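Below is one structure, written out as structure tokens, with a few remarks after it.
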Amino acid sequence: MNRQQIAGTLAEVATLLELRGDNPFRVRAYANAARIVESLQEDLATLAAENRLTEIKGIGTDLAAKIAEMLTTDRLRFHDELKASFPPGLLDLLRIPGFGPKKTKAVYDQLQVDSLEKLEAACQAGRVAKLAGFGEKSQQKILEGIALLRQFSGRHHYHTAVAAAEPVLEALRSHDGVIRCSVAGSLRRCRETIGDVDFLVSAKPVDAPGIIADFVGMAGVRAVSAQGETKASVVLAGGIQADLRVVSDEQFAFALNYFTGSKEHNIAMRSRALKLKNLSLNEYGFSPAAEKEKSAKELGSSIPCRTEEEIYAALDLEYVPPELREDMGELAGTLPQLIVKENLRGVFHVHSTWSDGVESIEAMANAARDLGLEYIGISDHSKGQRQANGLDETRLRQQAVEVKKLNAKFANQDFRIFFGTEVDILPDGTLDFDDATLAQCDFVIAAVHSSFTLPVDAQTERICRALANPKVTMLAHPTGRLLLEREGYAVNMPEVIAAAAEHRKIIEINAHPYRLDMDWRLWKRAKELGVKCSINSDAHSIEDYQYLAIGAAIARKGWLEKNDVINCLPLKEIEKVLKRG
DNA sequence: GCCGTTTTCGGCCCGACTGTTTTCAGTCG
């Protein structure tokens with residue numbers, strides 16, 4: 001088992017123990033261990049071989065033995081036994097928002113409910129409301145929760161889909177018969193959530209069956225849903241559906257364009273082809289509109305195009321990057337020079353061991369410098385975040401001293417650490433630190449971490465109030481929409497964006513996996529109002545810097561250019577922006 | 001189950017919110 005699998009198993013043991021009603025502190029020990037293993041920088045196998053697992057804080061003799069068992073036998077007997085003692089569908093109930101282990105245990109013990117379907121039926125029959133501790137309202141919320149789960153089941157975060165797609169693409173690329181290959185669909189367009197992952201390959205017809213066979217036989221494939229001559233569908237481990245299409249190399253550009261979509265963009269392209277050139281366009285090529293029965297599939301494209309650029313050129317268009325293909329005005333007028341991750345010169349919203357990060361400030365700084373960045377902004381949590389070891393006023397002052405010392409070290413290396421804080425926005429819109437305390441910071445990130453269920457108006461009002469505070473520089477993770485399978489906080493984002501415009505505040509683009517940032521349409525709105533953004537990593541470890549690339553992808557989706565993103569500025573200029581606040 | 005010790009067992013983060021209660025339990029971050 002690798003690190004992630006071990007962490008996942010430990011986390012599931014914690015859940016199962018909780019379901020069994022075990023000692024809550026034992027449960028926490030497993031949950032802690034899962035988190036520790038997940039973010040561990042050192043190699044687990046090495047630590048185990050050297051008998052040093054118990055040196056990790058939070059891992060005692062028992063957990064060390066269990067980790068060692070997973071490393072050597074690829075399973076954990078304790079986990080197997082625990083899992084076998086519950087019906088397989090029971091864990092699904094925990095995915096309902098607001099439905100935890102105690103409630104799961106209650107419906108299981110008293111109503112023999114052990115699946116989402118049975119729970120739904122029990123609610124509809126009014127049996128759940130009659131249980132002690134439940135009522136009409138909880139029964140209604142459960143039904144809504146199940147509906148929400150259904151709506152998003154089968155959709156995956158962009159991150160998850162990218163991680164699943166990469167090894168598949170690698171395998172396809174290394175296949176002898178494959179001439180060109182690419183991802184297509186919503187993944188290529190960098191949508192926040194992805195339904196299924198589409199792959200496109202060009203090859204000679206004679207090679208197609210071999211490519212298809214290798215695809216369905218790949219290591220990560222859990223099930224094969226369809227397999228034909230030029231097309232196959234599989235379910236990857238993790239439950240992501242993946243489709244492969246094999247076309248000839250002459251068709252590749254047209255097929256790539258067609259399968260990248262969006263559907264709306266394709267419609268706009270086809271109607272432009274008809275209107276402008278009297279040609280119909282499909283996944284095989286252009287063909288004269290009059291010759292419907294003899295399509296491009298049999299005759300080849302009447303305008304051969306080797307690349308997508310040539311297709312757009314054939315329609316007198318400049319190349320449209322996949323991120324912009326949503327029929328949101330991309331075929332009319334000049335397109336922006338979209339940002340790429342190489343444009344980033346620094347990163348804000350970086351955590352350290354002062355709160356809940358796993359690395360020292362110096363280690364985070366060095367790693368950022370190694371990536372070619374010129375500055376980082378350290379912003380650990382404020383005192384209200386006790387569970388994250390948030391800093392109080394005293395520790396914040398001490399941290400300021402450390403940052404000053406480190407900056408002296410970096411002075412002749414053209415690198416700088418900006419000193420900041422990620423301060424909580426309290427329910428009334430005030431902040432977790434007073435103005436005098438915030439005054440010592442180079443920048444202040446305001447964030448919501450509690451009271452997620454305030455009414456929309458109150459939620460919006462408190463965020464806008466925080467943005468009106470002159471000490472605040474930027475707003476963290478503006479989750480303005482439903483998260484996958486879970487309710488985010490409901491906010492009137494257009495109002496928040498307007499407030500950011502009025503007070504000249506920066507809104508963060510945060511691509512950390514447990515955040516789903518705001519809808520790309522809202523970023524377009526922000527751009528129109530002149531609101532700047534900052535592409536941050538919310539890094540709690542060095543690995544987390546990888547999310548800058550995904551942040552840049554989100555920015556592209558919102559049509560953002562270098563001028564819209566403050567951390568594209570070099571060190572000398574960013575100081576001025578931060579001072580203005 | 002871990003930690004830290006007052007070396008052998010007691011303490012382990014906590015506040016807000018919701019829906020159920022009539023003083024609290026469950027869930028969440």
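Please read these numbers as outputs of a predicted model, since none were measured by experiment. Letters go in sequence order (proteins before strands), and every chain restarts at 1.
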Measure the distance from NZ on A:K383 to P on B:dG29 and round it to the nearest whole Å. 23 Å
Are A:K383 and A:E393 ion-paired here, with the side-chain N under 4.0 Å from a carboxylate O? yes
Dump the pairs, protein N or O against N or O of nucleotides 15-23 of chain B, anything under 3.5 Å, distances to one decimal.
unit_1	atom_1	unit_2	atom_2	d
B:dA16	O3'	A:S451	OG	3.3
B:dC17	OP1	A:S451	OG	3.3
B:dC17	O3'	A:T453	OG1	3.0
B:dT18	OP1	A:T453	O	3.2
B:dT18	OP1	A:T453	OG1	3.4
B:dG19	O3'	A:S138	OG	3.4
B:dT20	OP1	A:G135	N	2.7
B:dT20	OP1	A:G135	O	3.2
B:dT20	OP1	A:S138	N	3.2
B:dT20	OP1	A:S138	OG	2.6

Expressed as a whole number of angstroms, how long is the span from A:K66:NZ to B:dC2:P? 8 Å
Pairing nucleotide - B:dG26, Watson-Crick or G-U, each distance under 3.5 Å: B:dC17
Roughly, in whole Å, what's the span from CD1 in A:I36 to P in B:dC3? 8 Å
Looking across every strand, which nucleic acid part, if any, lies under 4.0 Å from A:P24 by heavy atom: base, sugar-phosphate, or nothing? nothing
Quick check for you: among B:dT27, B:dC3, B:dG1, whose closest atom lies nearest to any side-chain atom of A:K103? B:dT27
Regarding A:E422 and A:H477, do their side chains bring together a donor and an acceptor under 3.5 Å, going by distance alone? yes
What contact category does A:N23 fall into here, base, sugar-phosphate, or nothing, at under 4.0 angstrom with non-hydrogen atoms? base
Given the P atoms of B:dT6 and B:dC17, what is the spacing between them in whole Å? 40 Å
Atom P, compared across B:dC14 and B:dC9: separation rounded to whole Å: 26 Å
Considering only the P atoms, how many Å lie between B:dT20 and B:dC28, rounded to the nearest integer? 16 Å
Between the side chains of A:W354 and A:E402, does any donor sit under 3.5 Å from an acceptor? yes
Could you verify whether a donor N or O on one side chain and an acceptor N or O on the other, from A:N492 and A:T460, lie under 3.5 Å apart? no
In whole Å, measure the gap between the P atoms of B:dC13 and B:dC3 for me. 13 Å
Under a 3.5 Å cutoff, is there a donor and acceptor pairing between the side chains of A:K103 and A:Y108? no
Interatomic distance, A:H381 NE2 vs B:dG29 C1' [rounded to whole Å]: 10 Å
Just call it for A:K105: base, sugar-phosphate, or nothing, with non-hydrogen atoms closer than 4.0 Å on any strand. nothing
Measure from OH on A:Y30 to P on B:dC2 and round the result to the nearest Å. 7 Å
What distance, rounded to whole Å, do you find between the two C1' atoms, one in B:dC12 and one in B:dT5? 14 Å
Quickly work out the A:D424 CG to B:dG29 P distance and round it to whole Å. 14 Å
Atom pair distance, as rounded to whole Å: CG in A:L76 and P in B:dG1: 11 Å
Could you tell me the separation between the CG atom of A:L10 and the C1' atom of B:dG1, rounded to a whole number of Å? 12 Å
Between A:R52 and A:E55, is there a salt bridge with N-O shorter than 4.0 Å? yes
Testing B:dG26, B:dG1, B:dC12 for proximity to the side chain of A:R28, the answer is B:dC12
Distance between P atoms of B:dT22 and B:dG29 (Å, rounded): 29 Å
Distance-only donor-acceptor check, side chains A:D538 and A:H351, under 3.5 Å: yes
Salt-bridge contact A:K527-A:D564 (side-chain N to carboxylate O under 4.0 Å): yes
Taking atom C1' in both B:dT23 and B:dT18, what distance in whole Å separates the two? 15 Å
